[in-house]
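One is the number of the first residue; the rest follow in order along the sequence. The model shown is predicted, which means the values in this text are computed figures rather than measured ones.
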Amino acid sequence: MVYLDNSATTVPEREVADEIYNMLTSNFGNPSSFHKAGLDANKKLREARESVARALMCESEEIYFTSGGTEANNLAILGTVEALKRRGKRIVTTAIEHESVLQTVDVLEKNGFEVIRLEPDKQGNITKAQMSEAVNADTILVSMMYVNNEVGSVLPVDFIKKAVVKAGAPALVHVDCVQAFGKIPVRPSKLGADLVTVTAHKIHGPKGVGALYVKKGTRIVPRVFGGEQEKKLRPGTEAIPLIAGFGKACEMLGDLNAQAEYMREINRYAREKLTAIDGVAINSAENASDYIINFYVPVFMTSQTVVQHLSSQYGICISNGSACAKGKKSHVLTAMRLSDKTIERSVRASFSRHTTKADIDALANAIEETVSNYKL
């Protein structure tokens, strides 16, 4: 199998799986218990929190574990709005966010909040000027992703705090770093972020665990109640095996600068191979993340059928957009105002530190054969 759907999920490292197995079978205590089994589990919980904090270059007490990126995004948005609802009604986000952000602000809009969704250009970019214009004194939250999960656009999230300060807004800044964390350096203080979402399964860790960074001194209101865990912000017995696996994945991130150089090489190679195929066009901007390439395939099949065809005939795994969308028409490509024809026939290849040029060759050869056999 050639796996090129790493923006959907990554293969867990063997050391991560071993850590999870050990926690399931040997160190299985409840971390809130005061006997030895509980204290041993609590020690692992602290170590994992410290590992995630080191990867984010923040303090461990600013890390709150969740069930994943979706829950962390919901907690950040709903918790902020509940805390600041008496100070304003405006929420600023973009039209290309993950569904866990878009669907949450949709609900808030129905409940009387004003939601501003910034539209991207045809390359998927959002500008600083758009942010400055959108943020006003009534804004209580700005929520944007660092790297778009479908086309790889890198948004200027480090400018958000400046726009908030300039407008004199009470807004908190939330940055969804699910596609950025573990690929490019993410430091909340440098981004000016009050809240940052990360998750484990995009960095070769397990599914089912993520974290929300909450800047020290920042107040958001919990959305779940019933325990003292995670300082009451996200109560419930912690999923220690998954959390320990998350911590191990963070420990294995390695040198991100060296990894970035390798990924630039992989991305350039993939662009060269794909654009050499008659009719194939790249939708991702030149300045997009090197981990993602979204491209148009000139065949009469829909993108979902192309994905299934490549999987069944060539053993190649790519996607036709966000895994959370489950095959629905891409809201990202729609927001970019691409033609219906382009949207219906575009797919995404996404890479990891384990991707090789041989993987890219396999993809390009399969796309070339598919175009030759099923071209429009």
Query raised in the report: Side chains of Asp40 and Asn27: do they bring a donor and an acceptor to under 3.5 Å?
Result: no
Requested in this report: Give a yes-or-no answer on whether the side chains of Asn148 and Ser153 include a donor-acceptor pair shorter than 3.5 Å.
Outcome: no
Requested in this report: For Met57 and Pro185, work out which heavy atoms get closest and say how close.
Outcome: CE-CB, 4.4 Å
Report summary line: Taking every heavy atom of Tyr262 against every heavy atom of Arg353, the minimum-distance pair comes out as CE2-O, 3.8 Å
Query raised in the report: With a 4.5 Å limit on heavy-atom distance, are the side chains of Thr66 and Thr199 in contact?
Result: no
Query raised in the report: Do His174 and Thr197 have side-chain atoms, one donor and one acceptor, less than 3.5 Å apart?
Result: yes
Requested in this report: Mark yes when over 12 heavy atoms from residues, nucleotides or ligands other than Phe225 sit less than 6.0 Å from its CZ; otherwise mark no.
Outcome: yes
Query - Lys161 atom NZ, neighbour heavy-atom count above 12 within 6.0 Å - result: yes
Query raised in the report: More than 12 non-hydrogen atoms from neighbouring residues, nucleotides or ligands closer than 6.0 Å to CG on Asp278, yes or no?
Result: no
Query raised in the report: Do you know the tightest heavy-atom contact between Leu310 and Thr370?
Result: CD2-OG1, 3.8 Å
Query raised in the report: Any side-chain heavy atom of Met131 sitting closer than 4.5 Å to one from Pro156?
Result: yes
Query raised in the report: How about Ser100 and Asn74: do any of their side-chain heavy atoms sit closer than 4.5 Å?
Result: yes
Query raised in the report: Looking just at side-chain N and O atoms, do Arg348 and Ser319 make a donor-acceptor pair shorter than 3.5 Å?
Result: yes
**Report entry** Pairwise side-chain contact, Val164 with Thr139, heavy-atom cut-off 4.5 Å (strictly under)
**Finding:** no
Query raised in the report: Does atom NZ of Lys215 have more than 12 heavy-atom neighbours, drawn from other residues, nucleotides or ligands, at distances under 6.0 Å?
Result: no
Query raised in the report: Any donor-acceptor pair under 3.5 Å linking the side chain of Gln130 with the backbone of Thr127?
Result: yes
Query raised in the report: Any link between Val135 and Val105 through a network of hydrophobic side chains (Ile, Leu, Val, Met, Phe, Trp, Tyr) touching at under 4.5 Å?
Result: no
Query raised in the report: Does the ring centre of Tyr314 sit less than 6.0 Å away from the ring centre of His309?
Result: yes
Query raised in the report: Should Cys317 and Val2 count as side-chain neighbours, where that means a heavy-atom distance under 4.5 Å?
Result: no
Query raised in the report: What closest approach, in Å, do Leu212 and Ala72 show between heavy atoms, and which atom pair accounts for it?
Result: CD1-O, 3.9 Å
Query raised in the report: Does any N or O in the side chain of Thr334 come within less than 3.5 Å of the main-chain N or O of Ser330, such that one atom is a donor and the other an acceptor?
Result: yes
Query raised in the report: Can you find a heavy atom in the side chain of Ser311 that is under 4.5 Å from one in the side chain of Ile316?
Result: no
Query raised in the report: Heavy-atom count around Phe28 CZ within 6.0 Å, excluding the residue itself: above 12?
Result: no
Report task. Would you kindly say whether Glu251 and Ser51 are connected by a side-chain donor-acceptor distance under 3.5 Å? Result -> yes
Query raised in the report: Any donor and acceptor pair, going by atom type alone, linking the side chain of Asp138 with main-chain N or O of Lys89 inside 3.5 Å?
Result: yes
Query raised in the report: Is Leu253 reachable from Phe65 through a run of I, L, V, M, F, W or Y residues, each pair having side-chain heavy atoms under 4.5 Å apart?
Result: yes
Requested in this report: Kindly indicate, with the supporting measurements, whether the criterion salt bridge (charged side-chain N to carboxylate O under 4.0 Å, His left out) is fulfilled by Asp158 and Lys190.
Outcome: CA-CA 7 Å; Asp158 56 348; Lys190 190 173 181 180; over 6 Å; no
Query raised in the report: With ring centroids as reference points, do Tyr374 and Phe300 lie under 6.0 angstrom apart?
Result: yes
Query - Side chain proximity check, Ile367 to Phe295, heavy atoms < 4.5 angstrom - result: yes
Query raised in the report: In the single-linkage hydrophobic clustering (I, L, V, M, F, W, Y; side-chain heavy atoms under 4.5 Å), do Val347 and Ile277 co-cluster?
Result: yes
Requested in this report: Find out if a path of hydrophobic residues (ILVMFWY) with successive side-chain heavy-atom gaps under 4.5 Å connects Ile160 to Leu172.
Outcome: no
**Report entry** Minimum heavy-atom distance Arg90-Glu114, with the two atoms named
**Finding:** NH2-OE2, 2.8 Å
Requested in this report: Count the heavy atoms belonging to other residues, nucleotides or ligands that lie under 6.0 Å from CD of Glu133, then report whether that count exceeds 12.
Outcome: no
Report task. Identify the residue among Glu97, Met336, Glu150, His98 that makes a side-chain contact (heavy atoms from CB on, under 4.5 Å) with His331. Result -> Glu150
Report task. Treating Ile, Leu, Val, Met, Phe, Trp and Tyr as nodes and any side-chain heavy-atom pair under 4.5 angstrom as an edge, say whether Tyr64 and Val196 lie in one connected cluster. Result -> no
Query raised in the report: Around atom CZ of Arg337, are there more than 12 heavy atoms of other residues, nucleotides or ligands at under 6.0 Å?
Result: yes
Query raised in the report: Step by step, would you call Arg268 with Glu265 a salt bridge (charged side-chain N to carboxylate O under 4.0 Å, His left out)?
Result: CA-CA 5 Å; Arg268 282 196 299 267; Glu265 184 179 349; 5.8 Å; no
Requested in this report: Starting from the C-alpha separation in whole Å, work towards a yes-or-no answer on salt bridge (charged side-chain N to carboxylate O under 4.0 Å, His left out) for Asp106 and Lys110.
Outcome: CA-CA 6 Å; Asp106 284 348; Lys110 290 176 183 176; over 6 Å; no
Query raised in the report: Would you find a donor on one side and an acceptor on the other, under 3.5 Å apart, between the side chain of Thr80 and the backbone of Ala76?
Result: yes
Query raised in the report: Do the side chains of Arg345 and Leu376 get nearer than 4.5 Å, heavy atoms only?
Result: yes
Report summary line: All heavy atoms of Ala249 vs all of Ile203, minimum pair found to be CB-O, 3.7 Å
Query raised in the report: Does the pair Arg271 and Glu286 meet the rule for a salt bridge (charged side-chain N to carboxylate O under 4.0 Å, His left out), with working shown?
Result: CA-CA 10 Å; Arg271 283 175 180 263; Glu286 287 289 340; 3.7 Å; yes
Query raised in the report: Any side-chain donor paired with an acceptor under 3.5 Å for Asn283 and Ser346?
Result: yes
